[in-house]
Structures are given as structure tokens and as C-alpha cells.
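Following: one structure in C-alpha cells, then a few remarks.
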Protein chains: 2
Amino acid sequence: MLIHSAAQLLTLSGGPQRGRALGTLGVIENGAALIRDEKIVAVGSTDELRAAYPDEPSLDTSGCVVMPGFVDPHTHVIWGGDRAAEFEMRLEGKHYLDILAAGGGILSTVRATRTASIETLIAQTRPRLLRMFATGTTTAEAKTGYGLQTATELRLLKALLTLDNEGPLELAITFLGAHAIPPEYKDDPQGYTDLVSKTMLPILSQWWQTHAPRLPFPFVDVFCENKAFNLAQSRRILEKAKALGFPLKIHADEFDNIGGASLAVELEAVSADHLVRTSQVDIAALGKSETVAVSLPCTPFGLAERDYTPAQEILDAGGILALATDCNPGTAWCESMQFAIALACRYLKLTPAQAIAAATINAAHAIRRANVIGSLEPGKQADLLVLSVPDYRHLGYRFGTNLVKQVVKCGRVYSVDVGYYRTA
Amino acid sequence: MLIHSAAQLLTLSGGPQRGRALGTLGVIENGAALIRDEKIVAVGSTDELRAAYPDEPSLDTSGCVVMPGFVDPHTHVIWGGDRAAEFEMRLEGKHYLDILAAGGGILSTVRATRTASIETLIAQTRPRLLRMFATGTTTAEAKTGYGLQTATELRLLKALLTLDNEGPLELAITFLGAHAIPPEYKDDPQGYTDLVSKTMLPILSQWWQTHAPRLPFPFVDVFCENKAFNLAQSRRILEKAKALGFPLKIHADEFDNIGGASLAVELEAVSADHLVRTSQVDIAALGKSETVAVSLPCTPFGLAERDYTPAQEILDAGGILALATDCNPGTAWCESMQFAIALACRYLKLTPAQAIAAATINAAHAIRRANVIGSLEPGKQADLLVLSVPDYRHLGYRFGTNLVKQVVKCGRVYSVDVGYYRTA
């Protein structure tokens with residue numbers, strides 16, 4: 001199939017974009033891409049590709065931007081229940097402790113998740129994945145972490161493997177058994193750290209080889225914060241995971257700077273995520289590393305906080321910056337990478353071009369898939385978007401809406417409806 | 001038609017909600033509404049209405065919220081061109097004056113609008129109205145104001161009447177000839193003030209009676225700011241408009257507090273809009289008046305500014321607060337009232353219930369239509385939404401997405417697609 005006549009085709013070719021190189025879109029005007037089966041075969045101008053492939057079935061994208069599908073490298077998209085009532089309580093001025101006492105906070109989601117069947121979890125997660133896909137995310141990372149006990153964490157993994165298999169949205173799975181200290185260990189965080197590192201991780205290794213033998217190992221992630229796992233506990237879990245062969249991720253500096261980002265660099269983690277309170281030392285370490293700095297602007301927005309990731313400093317230090325939604329039921333129930341881009345332009349001061357690169361090729365690098373997705377280059381998977389706008393800068397500029405017209409996933413074309421039709 | 005089994009049906013009955021009374025939703029669990037032709041006939045519990053109307057065709061809304069359609073009481077939705085390039089220049093740190101010199105700013109939109117045919121203006125505006133309708137706005141105010149010369153302002157009016165007639169989104173039209181000083185009057189703002197008040201307004205009166213004899217007069221609005229029309233100029237235009245029988249609106253206190261809100265109260269304007277820099281004196285005046293305080297949170301968000309409407313002070317003073325998008329190409333290209341609600345919860349500290357009332361019954365009051373729309377009450381127009389969530393608090397809590405499943409406009413049901421389907 002020849003996708004042709006794009007007002008702008010963004011290739012994002014050349015691999016992850018480090019530091020101030022961020023924002024190199026590789027714009028081809030009147031662009032085209034040849035797709036066969038699941039792969040991109042050629043990318044160029046419409047004139048060139050039409051001449052070279054005159055008999056190919058075609059998809060006209062006149063007046064539209066064609067670009068790689070968004071990669072969302074940080075989500076907690078699977079959970080039970082919701083926290084709409086808690087959101088209202090916060091706005092009414094209720095204190096966080098009162099909300100906890102009323103059964104709110106992350107532990108309410110843990111409770112609802114533990115009591116949900118796998119069928120319920122899948123049924124509740126599917127519409128969130130649909131919203132992601134319809135807003136242009138073709139691959140998303142998805143974490144466990146609302147189980148906090150072996151059986152429930154494995155149920156979440158099973159549900160995620162099922163949803164990944166169902167498609168069309170592709171998932172990169174992360175084990176986040178170390179998301180919070182569960183209530184039964186509230187006076188013994190060390191005991192829970194032991195449970196994760198000594199029991200859960202070895203079980204996970206075996207389980208994965210049995211249930212997903214053809215897939216690469218999942219990521220192992222830790223919530224490294226004063227309120228969750230301290231630096232020593234985080235190190236123990238991540239070192240054990242590394243020894244078992246798991247690639248690593250870390251939640252660092254969302255609320256406090258306790259050194260998680262430097263730990264990620266030291267352990268060669270694939271990414272360090274959140275990065276709001278990150279120190280100069282940690283920024284410098286990230287800047288010299290291969291660890292991707294993943295900013296989650298929907299979270300400060302969701303909480304109406306003023307501080308966001310110091311993205312300009314990370315770029316100045318030479319860091320590899322990516323964007324994600326952090327989609328979760330507590331702080332940021334947002335499925336749209338387009339909205340993460342709109343926030344990044346305003347609060348990280350990224351240009352639309354920089355935000356797009358951070359949401360595609362660099363985001364693919366943050367889940368170790370930049371070799372197959374994140375750009376439009378021959379040999380890569382045919383994951384791409386047709387936007388209903390003639391200029392990529394409409395991303396960021398416009399907000400609260402969905403600019404995606406079509407999603408192509410593994411060479412298959414899906415039309416996205418932004419409209420309505422009369423039914424009665 | 002019997003709309004039944006709603007998890008929550010929000011009536012918003014009882015008229016505009018002043019001050020701390022804001023947020024009275026009138027929730028009916030397992031609610032139902034009977035619709036005949038274009039009107040609501042009855043509202044109550046599903047059991048009651050099913051017993052009373054056993055043979056009625058039905059629309060099952062199990063697991064959903066049913067509520068009045070959003071009313072967006074402040075938009076600049078008709079314009080030519082776009083300002084995506086200017087958005088990028090601002091992020092690259094270009095100064096506002098450099099952007100103006102490069103052809104940016106409001107005057108670039110004026111240029112593009114003046115040179116656009118009515119067919120072009122209609123074709124470019126239609127998809128914006130579609131996005132509004134698909135995100136749940138059933139009636140929107142729409143202003144002229146990118147013409148700034150008689151012929152173009154009348155062309156915009158004609159285009160808006162055409163679009164209103166086309167439907168399904170219903171428009172309440174506003175004449176904003178006094179949106180900015182046009183370039184040909186840049187050294188003579190007084191001359192342009194004279195042109196608006198002495199020439200345009202009398203022509204408008206005649207024109208409207210010829211072209212829209214069955215519709216009420218449009219609103220007349222003025223941009224009362226240091227950069228636009230000062231207080232004396234605003235007064236001259238509004239007093240002339242009032243003498244001619246036009247209902248009034250005003251843009252006040254977006255950037256500077258120069259007394260526009262108190263002028264609105266004095267002249268009994270229907271609404272005063274923006275209200276970011278509003279003084280205590282002005283807030284007190286609004287609080288004792290019938291002039292609706294319309295907050296436009298998408299605009300500070302669009303500009304990444306920190307200050308929003310002092311909504312809590314307006315409520316404390318007894319004001320009637322409404323929400324709108326301000327949809328426009330410069331500061332806030334956003335069609336979604338759901339996003340305005342998400343911002344209002346975070347930056348105006350409204351609860352979801354308050355934000356919903358501000359976006360429905362109070363917004364209807366801000367365009368003088370609270371007698372026909374804005375609530376679900378017998379005799380009112382059948383404009384309502386079916387949301388794909390079981391609890392109204394998902395509005396505000398969730399962002400970057402569209403929770404509308406069906407829109408009912410004048411009794412007709414439109415399905416909204418949030419998904420995708422495979423086409424190739």
C-alpha cells in the first residue's frame with residue numbers, strides 16, 4: 001500500500017535524539033510511504049514513490065500530516081475501580097489523611113484490584129486501551145503494581161499479556177510489585193522489600209518463561225520515594241532484578257529527590273521516570289548516560305501542581321528526553337499522548353517538534369524498541385498516524401481534542417471517528 | 001422516546017445557581033426522561049416513567065450519566081487561517097513584537113479572515129463545530145470580530161447564521177466589531193470607535209432585521225482592555241448598542257483591570273467574560289448583579305499563565321459563575337467544554353458538580369437561554385448527553401478524552417464515536 005500526498009510526512013529517522021538534537025523531524029513535503037505486510041518498505045516524496053511503485057493500492061493523505069504512531073512509555077493502565085469520589089473530596093478541601101481514612105488513595109485501588117477477577121480487569125482496561133489507540137498510541141508500556149501480592153501481580157501480568165495479544169494496541173509489560181508498601185506490611189517495609197526481591201522476582205522469572213516464552217523479559221520498576229521505597233530498598237530490588245536478567249526502570253523524584261535517577265544510571269536502567277525534583281547532580285548523571293529521562297507532565301497537571309520536569313536542563317545536560325502519559329486512576333487518568341504534548345509545550349517549554357520526537361522515537365527508546373518502532377524508516381514496523389491537519393505544529397497548539405484521523409498498526413488501517421452520526 | 005435506566009440523571013433544575021448555591025445537580029439515580037418531538041415531557045425515576053408511559057420506544061442508558069447538553073457561552077469559533085507557526089515561535093522564545101513583525105498575532109487572523117470567501121469561512125468553521133458537538137456542546141455562543149470592517153463583519157454574521165441553520169449545533173450569535181483596533185486605524189482608535197458605534201451598529205440593526213427577522217437580536221460585545229478599547233471607548237460602543245436594543249457582553253480583565261466588569265454591571269450586560277485581573281470592587285459589583293461572570297480557563301492554560309479567574313471570591317460575593325472555552329486561534333484552540341471543566345476543577349477549585357452547573361444552566365443564563373436549555377425539565381428543549389461513565393465526577397477527574405457517548409439535540413439522537421474501525 002502506498003500512503004501518499006501527505007502535506008508533511010515526518011520520518012523521525014536517525015535514532016534517538018540526545019540533548020539539543022531533540023526535535024529533528026525529517027519533514028518530507030508531499031511525502032509518501034510504501035507499506036507491505038507489517039513493514040515499511042520505502043519512504044520518500046510522492047513523485048518518487050509513485051514512479052517506483054506505479055501499481056500499488058493507495059491511501060490518499062492530502063492535506064494531512066503522516067507521522068510515526070505515538071509510543072507511550074509509562075502507564076499504569078490496568079486497575080480495578082476508580083477514584084472519582086476521592087477527586088471530589090480533594091477539591092472540597094479534604095486532607096489526604098482524611099481521604100485515606102475514608103478508604104481513598106492508592107490502597108483503595110489496590111483493594112479493588114485484588115478483589116477483581118481477571119475477566120473484570122480485562123474488561124475495565126480494554127476501553128482505556130481503545131482510547132489510547134484512537135488518540136494515536138500504537139505501542140504503550142503497561143505496569144502491574146496495584147496487586148502488591150504475588151497472586152494478584154501475576155493476574156495483572158496475565159491480563160496484560162491477554163490484552164497485548166488481542167491488539168491492536170501493542171504493550172510493553174513492566175512488573176511493578178514495588179509500587180507501594182501494601183497494608184499488611186505497613187509496619188515492615190523491609191519485609192515487603194524482601195518479599196519482592198527474594199520471592200516475587202524469582203517467581204516472575206519462571207512464570208514469564210512459561211507464559212510468554214517468545215517475548216523478551218518484562219521491565220522491573222521500583223517507586224523510589226520517601227513515601228514508598230527508599231534508596232537502599234530500591235537498590236536491593238533493582239540489583240536482584242538485574243542479576244535475574246530483567247531490564248530496569250525507576251520512578252524517581254516525583255515528590256522528593258532521594259537519588260533514584262543516579263541509581264538508575266549506575267544500574268544502567270532503561271529509563272528513569274517522573275523527574276520533577278531532580279537535582280543538578282542527577283541531571284548531570286542522566287545527561288551522560290543511556291538511561292532515558294521520561295517526563296510525565298499529565299501528573300503535575302492532574303494534581304494542579306506548579307512544578308514539572310526541568311526538561312530544558314535535562315536537554316542542556318545532553319539527556320535523552322521522552323514523554324509519557326502516566327495514565328493511572330489517582331493522579332492522571334489521561335490516555336492521550338496528544339495531551340501530554342500540549343502540556344510539554346506549555347510547561348516543559350518544548351517546541352511541537354521536540355515534543356513529537358520525545359513522544360515517538362525517544363519514547364520507543366525508553367522501552368527498548370527503537371529498533372522496530374518510533375520512526376518511519378524502511379524495515380521498521382508499519383505503525384503510523386494520519387492527522388487531520390496540514391502542519392505538525394497543530395500538535396501542542398490545539399488541546400482538548402483528537403487530531404488523529406487514521407491509525408495504521410502493523411500495516412493495517414484503522415479509521416478513527418471524531419464525529420457523530422444520527423441514530424434516531 | 002423514553003431515555004431510561006441512567007445510573008445518574010442530572011436535572012440541574014431550578015434555574016441559574018448564584019454564589020455558593022452553585023453545584024446543585026438534582027441527581028436522580030436510575031433516572032429517566034421522556035422526550036416527544038423536540039421537548040422534554042417528563043423527568044423522574046425509571047420505575048415511575050416506565051409505569052406512566054409503558055408503550056414508549058426506549059433508549060437504554062444503563063451504567064451511564066444523563067445530563068443537559070453543555071452550553072458554551074463564549075467562543076470566537078469563526079476565523080480564517082491558523083496560527084500554528086506563531087505558537088512555535090513563542091515557544092522558541094521569540095518576542096511578541098517579533099511575532100507581530102513576522103505577520104503574527106490577531107492581525108494575521110484578521111488578514112486571513114478578510115481575504116476568505118464566505119464559503120471558505122463556513123468550510124473551515126464547520127469541523128470546529130463538529131468537534132464541539134461531538135464533545136457534548138449542544139448550544140454555543142459564536143462571535144464575529146476578525147473582520148474589523150463592516151463588510152467582513154457582516155460576512156461573518158451571514159456565515160454564522162448559515163451554520164446555525166445547518167445544525168445540529170445551535171448558535172447564539174454575537175457582534176464583536178470592537179475586538180481590536182484594525183491596522184488602518186492604528187493611529188486613530190477614536191476613529192474606529194466612532195465607526196463601530198455610529199456606522200456599524202446601526203447597519204447591524206437593519207441588517208439583522210432583514211436577514212434574521214425571526215431571531216432575537218445578537219449580543220454586542222467589546223474587548224475592554226488597555227491594548228484594545230479603553231473604558232470610555234467601551235462605554236460609548238455599549239451605550240449605543242443598548243440604545244439600539246442589543247443585549248450586551250464584555251471582555252474584561254483578561255490582562256488588566258480597567259473597570260470593564262463594573263461597566264457591564266452598570267449597563268446591565270448579560271455577561272462579563274475572562275475576569276482574571278478583576279478587582280474586589282468589581283467582584284462585589286458582579287456579586288450583586290444579574291450579569292453572569294463567565295470564566296474562560298482554557299485561555300490562561302493556552303498561554304501557560306499562572307492566574308485564573310478568582311472563582312471562589314466571585315462565588316463568595318454571590319456571583320453567577322459560568323464556564324466557556326473561548327475557542328479561538330490565538331490563545332485557546334479548544335472545542336471541548338469537558339476540558340474547560342477539567343481546568344476549572346484544578347485552577348478555579350470548583351468541584352465537578354459546581355463546574356457542571358457552570359457549564360450548563362449558568363452558561364445558558366449567560367446567553368439568555370436559561371428558559372429553554374441548560375437543564376432537564378418538562379417543557380425545555382430536549383438537549384442532553386449520555387456519558388459513558390456511571391458517575392458525574394468522572395467529568396473533571398479525567399482529562400484529554402471525550403466521555404460523551406450520545407448527544408440528543410432537539411430530541412434527535414446522535415451517536416458519538418470515540419473508537420476506531422479497521423478499514424484496510
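Residue numbers begin at 1 in each chain, while the letters A, B, ... track the order of the sequences. Not measured: the values here are computed from a predicted model. Atom set for the values below is all heavy atoms of this structure, side chains included, hydrogens, waters and symmetry mates excluded.
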From the list B/G93, B/S388, B/C334, B/P127, the residue making the most non-hydrogen contacts under 4.5 Å with chain A is B/C334
Ranking B/W333, B/F301, B/Y347 by heavy-atom pairs under 4.5 Å to chain A gives rank one to B/W333
Looking only at heavy atoms and a cut-off of under 4.5 Å, which of B/A340, B/C345, B/P57, B/G400 has the most pairs with chain A? B/C345
Heavy-atom contact with chain A under 4.5 Å, split by part of B/F339: side chain
Need one label for B/L350: side chain, backbone, both or neither, based on atoms under 4.5 Å from any heavy atom in chain A. backbone
Are there more than 12 heavy atoms of other residues, nucleotides or ligands under 6.0 Å from atom CD of B/E166? yes
At what distance, to the nearest 0.5 angstrom, does CG of A/D383 lie from CD of A/E38? 9.0 Å
Okay, side chain of A/E86, backbone of A/G105: is any donor-acceptor separation there less than 3.5 Å? yes
Once you round to the nearest 0.5 Å, how far does OG1 of B/T325 lie from CZ of B/R128? 12.0 Å
Taking every non-hydrogen pair under 4.5 Å, which of A/P329, A/G302, A/G396 racks up the most with chain B? A/G302
Between A/H394, A/Q338, A/K409, which shows the greatest number of heavy-atom pairs under 4.5 Å with chain B? A/H394
Value for CD1 (A/I3) from CG (A/D60), rounded to nearest 0.5 Å, stands at 11.0 Å
Segment of B/A332 engaging chain A (4.5 angstrom heavy-atom cut-off): both
Regarding B/D72 and B/T137, do their side chains bring together a donor and an acceptor under 3.5 Å, going by distance alone? no
Separation of A/I341 CD1 from A/S336 OG (nearest 0.5 Å): 8.0 Å
Using modelled atom types only, decide if a donor and an acceptor are shared between the side chain of B/E56 and the backbone of B/M1 within a distance under 3.5 Å. yes
Interface check, chain A: of B/V407, B/T135, B/D391, B/D82, most non-hydrogen pairs under 4.5 Å belong to B/D82
Among A/R306, A/E335, A/K349, the residue with the most heavy-atom pairs under 4.5 Å to chain B is A/R306
Identify which of B/A84, B/A353, B/A304 forms the greatest number of heavy-atom pairs closer than 4.5 Å to chain A. B/A84
Is B/F399 close to chain A through its backbone or its side chain, or both, or neither, when contacts mean heavy atoms under 4.5 Å? both
Would you say that more than 12 heavy atoms from the other residues, nucleotides or ligands in this model lie under 6.0 Å from the CD of A/E29, or not? no
Bottom line for B/Y392: the part with an atom under 4.5 Å from chain A's heavy atoms is side chain
